[in-house]
Number of protein chains: 2
Amino acid sequence: MKITNRLSWKYVRDEIHHEILSGRYGPGDRLPRDADIADQLNCARSTVQRAMQDLSDIGLVERRRKGGTRVHPEPVTRATLDIPITRHEVEKKGGRYGYQLIMQEEMSATRTVLAAFELTSPVSMLRIEALHLSDNRPYMLEDRWVCLDTVPEIRDVDLKIQSANEWLVLNRPYSRCDLRFYAISADQKMSEMLGAKIGDALLLIERSTWIDGAPITTVKTITTPGYQLLTSS
Amino acid sequence: MKITNRLSWKYVRDEIHHEILSGRYGPGDRLPRDADIADQLNCARSTVQRAMQDLSDIGLVERRRKGGTRVHPEPVTRATLDIPITRHEVEKKGGRYGYQLIMQEEMSATRTVLAAFELTSPVSMLRIEALHLSDNRPYMLEDRWVCLDTVPEIRDVDLKIQSANEWLVLNRPYSRCDLRFYAISADQKMSEMLGAKIGDALLLIERSTWIDGAPITTVKTITTPGYQLLTSS
DNA sequence: TAGTGGTCTAGACCACCGG
DNA sequence: CGGTGGTCTAGACCACTAT
């Protein structure tokens, strides 16, 4: 009588995960072929494949055709961040969202901006400064550049009403997004805008997006003192 | 004559992605059932499933049994961060890694620490302070608490030689990991340890891990001025 | 409780890439 | 070029949950 074990891919994943963490396989070691694991556990190869996909997603193993599956040589903590539209973020925290356009001007990209896009030749862009509010108090300062070659439609958007943040997220898909996080001290302008003190430590998030290699926008968002960014999970 | 299209799941994914971004389906709208999409595109349902899994991973759609697939009502920018072992991070940047144990002491968890673990009753923990170095210069300050109930073996580790950071990542799997990022101003102690000036803006990363609901460790890593955290992609 | 996504299987072929 | 992971298919059953 054949007993058909119906193993879930999560069981298979945890089994392999455990074998790695127990020291059976160390960083860089090669694991058995999917087919062999499937035989051993008496399940379909695609179940092992699904388990391995997950382990690969979390950065525990690396997989290559012909090269097989290896334990990731440098263990990492992989985390997922969800960065919402600022309006939603404010509303979720129970605040009443407000928005002020501070400045909007067509101009040529500065060297810093070109560098963010990994470009060298000059590009015409729309520079935008805006302030997001929560209950009429400053919440986040936005310093944005939008590439007019890639997104000419931005000219027709009334940015006094709808933030570029929101319009872009809803209307411009991107194929690449680079983020960087760091801390800065508030200078006089920032402290005035955000209602902070000069020298306050502020979290700055820099985000650049492309669509098929063409630059869309790069933006620095500066949050008020005490702001925390949390992982989603 | 039947033409057997062999559509890749990426093609299906991009097709759906495009339909969403073109405005055909807006935030909150319900998409057709997987089976109907499969019929329409003439592919297997599992191919659609694979495509949808990807769209769900990046936060574009939400899927529920019986409820169907809906466009995510609040668009988000989802990013993945890889936080390596500090030694690897230093070495990858070309620095020579160094490490100093500053303090190690068994004590009861403070209220702040308990809060990080969402606990209320007192717990015995190992408190560790350490400094990571790059080319003999301060690189990162680590302020860690390890739960002795969950990880008693930490007592037997010589933390003067191997950092708790490294030992834990290599030896203690976790099932949950919470991260938070924020900016702080360097106080006198930090500035001395990190070779910074008092008031410098520093990026602080707070990480707490659990295994099956049991707390493992919570750590604050404070980096030197100018440190930037980048997305992996 | 019925509808929908989630998973598993067995088999086939493909694509990449290490030796 | 051959070995390994990646993908696709058709079909079946399961698990969750909206109605």
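Note: hydrogens, waters and symmetry copies are ignored here, and every other heavy atom, side chains too, is used. In what follows, chains are A, B, ... by sequence order, proteins preceding strands, each numbered from 1.
Residue whose closest nucleotide on DNA chain C sits further toward the 5' end, between A:Lys66 and B:Gln49: B:Gln49. Sequence order on DNA chain C of the closest nucleotides to A:Arg30 and A:Trp9 puts A:Trp9 first from the 5' end.
With rounding to whole Å, B:Arg63 atom CZ is found 18 Å from C:dG3 atom P. If you measure from atom CD1 of B:Ile37 to atom C1' of C:dG5, you get 12 Å, rounded to the nearest angstrom. Here C:dG3 presents its P atom at 17 Å from CZ of B:Arg70, a figure rounded to the nearest Å.
For an aromatic pair to be called close, the ring centres must be under 6.0 Å apart, and B:Tyr99 with B:His132 satisfies this. The aromatic ring centres of A:Tyr174 and A:Trp210 sit 6.0 Å or more apart.
For A:Ala44, the listed nucleotide lying nearest its side chain is C:dT9; candidates were C:dT9, C:dG5, D:dG3. Distance from the side chain of B:Thr47 is smallest for D:dT9 among the nucleotides C:dG18, D:dT9, D:dA18. Listed nucleotides: C:dT4, C:dC16, C:dA10. Nearest to the side chain of B:Arg33: C:dT4. The side chain of A:Arg45 lies closest to C:dC13, out of C:dC13, D:dT9, C:dT4.
Listed by chain and number, the residues in a salt bridge (charged side-chain N to carboxylate O under 4.0 Å, His left out) with A:Asp158 are A:Lys160 (sequence neighbours excluded).
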